[in-house]
There are 2 protein chains.
Amino acid sequence: MMTSKTPPLSATAAADAYVLDDQVGFLMRRANQRHLAIFSEGISDLTPTQFAALAKLCELGAVSQNALGRATSMDGATIKGVVDRLRLKDLVASTPDPDDQRRILLKPTAAGWDLFEAVAPTAHQITQDTLAPLNDAEQTIFLLLLQKLT
Amino acid sequence: MMTSKTPPLSATAAADAYVLDDQVGFLMRRANQRHLAIFSEGISDLTPTQFAALAKLCELGAVSQNALGRATSMDGATIKGVVDRLRLKDLVASTPDPDDQRRILLKPTAAGWDLFEAVAPTAHQITQDTLAPLNDAEQTIFLLLLQKLT
DNA sequence: AATAACTTGTGTGTATACCAATGGATTTTG
DNA sequence: CAAAATCCATTGGTATACACACAAGTTATT
């Protein structure tokens, strides 16, 4: 509990005790910054978000844009921009869904598949490089705890 | 090591083995999304980034804009926007540095101090709420490992 | 002292990321 | 079946976040 480390405090005392560098949010932001740097070093063709969308699309087959967004934890506005850019790069193709006129069915193009398969090993390596400061046991625990925070 | 879970693979096999939901980057993004939601629920006046900058400024006293950026892990372009918005809200004041004509010295205003002290306890609570899915021991480990990944 | 190298703040461009609103399509319900 | 509720894609707005380039100021080098 919070109270074990921070017993009831006046607002001022709480402010004194607030050290930014100890906050989860700040640490997660920094850890993520490091990961993004590692990613763009290894894969410069795609952003992590674009790769996530492409990978998920290769995993799922043909899905609607919003469904892909849900599968990758992006809201409608975000996934639209990502898909637009993937289409500009000819990695993803879209066709209207004959069963539902609202939907756009997305599929990886041949080039999309090729790129995904070509960079998947690198993506694995990026995950490993990101976790490299931890030993095997620590990596397992970290991923487990991270999953619990999801 | 990676090889314990993923022995040498052909590109296609690597693609098969690539499950987005197991990747560190994806998990960190989702954990961060959850944290941001908790934050904005508790503190709606400021974004996490703005609060981080304000908190660090209260911690450091008078520093230049770029120095504040370094202390909060934001690059020059990012910290500029953040500080601009904090100034618009009258939480931060800027004066030219007499010793270095390039620099702008930043300081929290009285309102900035007041707001920081008022929300610091809430910020602590947000950290706790974010970590709530973990028990005490897990929280300690998680923060430790997170720090190692920084 | 003059030049080079660096720092600081700023501006531009691109890419997430989310909220709110909208119009059209589909599903659910009364 | 008709109305309400929901879903879908899109748009506009705001806020990080980083890369790059730039001008002006400062420090280091020669």
Side-chain angles (χ1 to χ4, degrees), chain A residues 25-26 28-41 43-54 63-89 92 94-106, chain B residues 25-26 28-41 43-54 62-89 91-92 94-106:
Chain A
F26 187 62
M28 287 200 296
R29 187 161 70 83
R30 301 216 357 218
N32 205 46
Q33 279 175 345
R34 178 170 161 276
H35 169 68
L36 297 185
I38 293 172
F39 189 100
S40 73
E41 175 124 4
I43 300 179
S44 52
D45 292 339
L46 294 174
T47 65
T49 311
Q50 288 166 15
F51 180 70
L54 179 60
V63 287
S64 76
Q65 187 172 277
N66 273 17
L68 182 60
R70 283 190 296 272
T72 51
S73 292
M74 302 179 208
D75 84 338
T78 301
I79 191 66
K80 184 195 186 305
V82 174
V83 167
D84 282 350
R85 277 165 227 120
L86 289 175
R87 282 198 305 202
L88 265 180
K89 298 180 190 183
V92 164
S94 62
T95 54
D97 185 335
D99 297 337
D100 189 333
Q101 292 185 285
R102 297 169 301 179
R103 290 194 181 126
I104 294 176
L105 275 188
L106 301 177
Chain B
F26 187 63
M28 287 199 297
R29 186 161 70 84
R30 300 215 359 213
N32 205 46
Q33 279 176 344
R34 179 170 160 276
H35 169 68
L36 297 185
I38 293 172
F39 189 102
S40 73
E41 175 125 3
I43 301 179
S44 52
D45 292 339
L46 294 174
T47 66
T49 311
Q50 288 167 14
F51 179 70
L54 179 60
V63 287
S64 75
Q65 188 172 279
N66 273 15
L68 182 59
R70 282 190 295 272
T72 51
S73 292
M74 303 179 208
D75 84 338
T78 301
I79 191 67
K80 182 192 187 304
V82 174
V83 166
D84 282 351
R85 277 165 228 120
L86 289 174
R87 282 198 305 204
L88 265 180
K89 298 181 190 184
L91 301 173
V92 164
S94 61
T95 54
D97 184 336
D99 297 337
D100 188 334
Q101 294 184 281
R102 296 168 302 178
R103 290 197 180 122
I104 295 175
L105 276 187
L106 301 176

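Chain naming here is simple, since letters A, B, ... match the order of the sequence lines and numbering starts at 1 in each.
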Item to check | Separation of atom CG in B/L46 from atom C1' in D/dT14, rounded to whole Å | outcome: 15 Å
Checklist entry - Between D/dA15, C/dT26, C/dC18, which nucleotide gets closest to the side-chain atoms of A/Q101? => result C/dT26
Checklist entry - Tell me: CG of A/L54 to P of C/dA15, nearest whole Å? => result 16 Å
Checklist entry - Are B/L68 and B/V82 side-chain neighbours, meaning at least one heavy-atom pair lies under 4.5 Å? => result no
Item to check | Closest-nucleotide ordering on DNA chain C, the 5'-leading residue of B/D84 and A/T78 | outcome: B/D84
Checklist outcome for this item: B/K80 NZ to D/dA19 P, in whole Å, measures 19 Å
Checklist entry - What is the distance, rounded to the nearest whole Å, between atom CD of A/Q50 and atom C1' of C/dT14? => result 10 Å
Checklist entry - Quick one: is D/dT16 close enough that its OP1 or OP2 comes under 4.0 Å of any side-chain N or O from B/T47? => result yes
Item to check | Per A/T49 side chain, nearest of listed nucleotides D/dT11, C/dG9, C/dA17 | outcome: C/dA17
Item to check | Side chain of A/R29 (C-beta onward), nearest among D/dA17, C/dC19, D/dT10 | outcome: D/dA17
Item to check | Atom pair distance, as rounded to whole Å: CD1 in A/I79 and P in C/dA15 | outcome: 15 Å
Next on the checklist: Using only atom types and a distance under 3.5 Å, with no angle test, would you say the side chain of B/K89 pairs donor to acceptor with the backbone of B/D45?
Outcome noted: yes
Next on the checklist: Quick check on DNA chain D: between A/R70 and A/L36, whose nearest nucleotide comes earlier from the 5' end?
Outcome noted: A/R70
Item to check | Nearest-Å distance for atom pair CZ/P, residues A/F26 and D/dT16 | outcome: 14 Å
Item to check | Nearest to side-chain heavy atoms of B/S64, which nucleotide of C/dA17, C/dG9, D/dA9 | outcome: C/dG9
Next on the checklist: Rounded to whole Å, how long is the line connecting atom CG of B/D100 with atom P of D/dA23?
Outcome noted: 19 Å
Item to check | OG on B/S73 to CZ on A/R29, rounded to 0.5 Å | outcome: 6.0 Å
Checklist entry - Looking at B/D97, B/V92, B/L86, which one forms a side chain to side chain contact (heavy atoms under 4.5 Å, CB included) with B/L106? => result B/V92
Item to check | Atom-pair distance (CD1 on B/I104; C1' on C/dT7), nearest Å | outcome: 14 Å
Next on the checklist: If I compare all heavy atoms of B/G25 with all of A/N32, which pair ends up nearest, and what's the gap?
Outcome noted: O-OD1, 4.5 Å
Checklist entry - Among D/dA19, C/dG11, C/dT8, which is the nearest nucleotide to the side chain of B/R102? => result C/dT8
Checklist outcome for this item: Of the listed C/dT16, D/dA15, C/dT8, the closest approach to the B/N66 side chain comes from C/dT8
Next on the checklist: The side chain of B/R85 is closest to which nucleotide in this list: D/dA19, D/dA15, C/dG9?
Outcome noted: D/dA15
Checklist entry - Within the structure, does a side-chain N or O atom of A/Q65 lie under 4.0 Å from either OP1 or OP2 of D/dC8? => result no
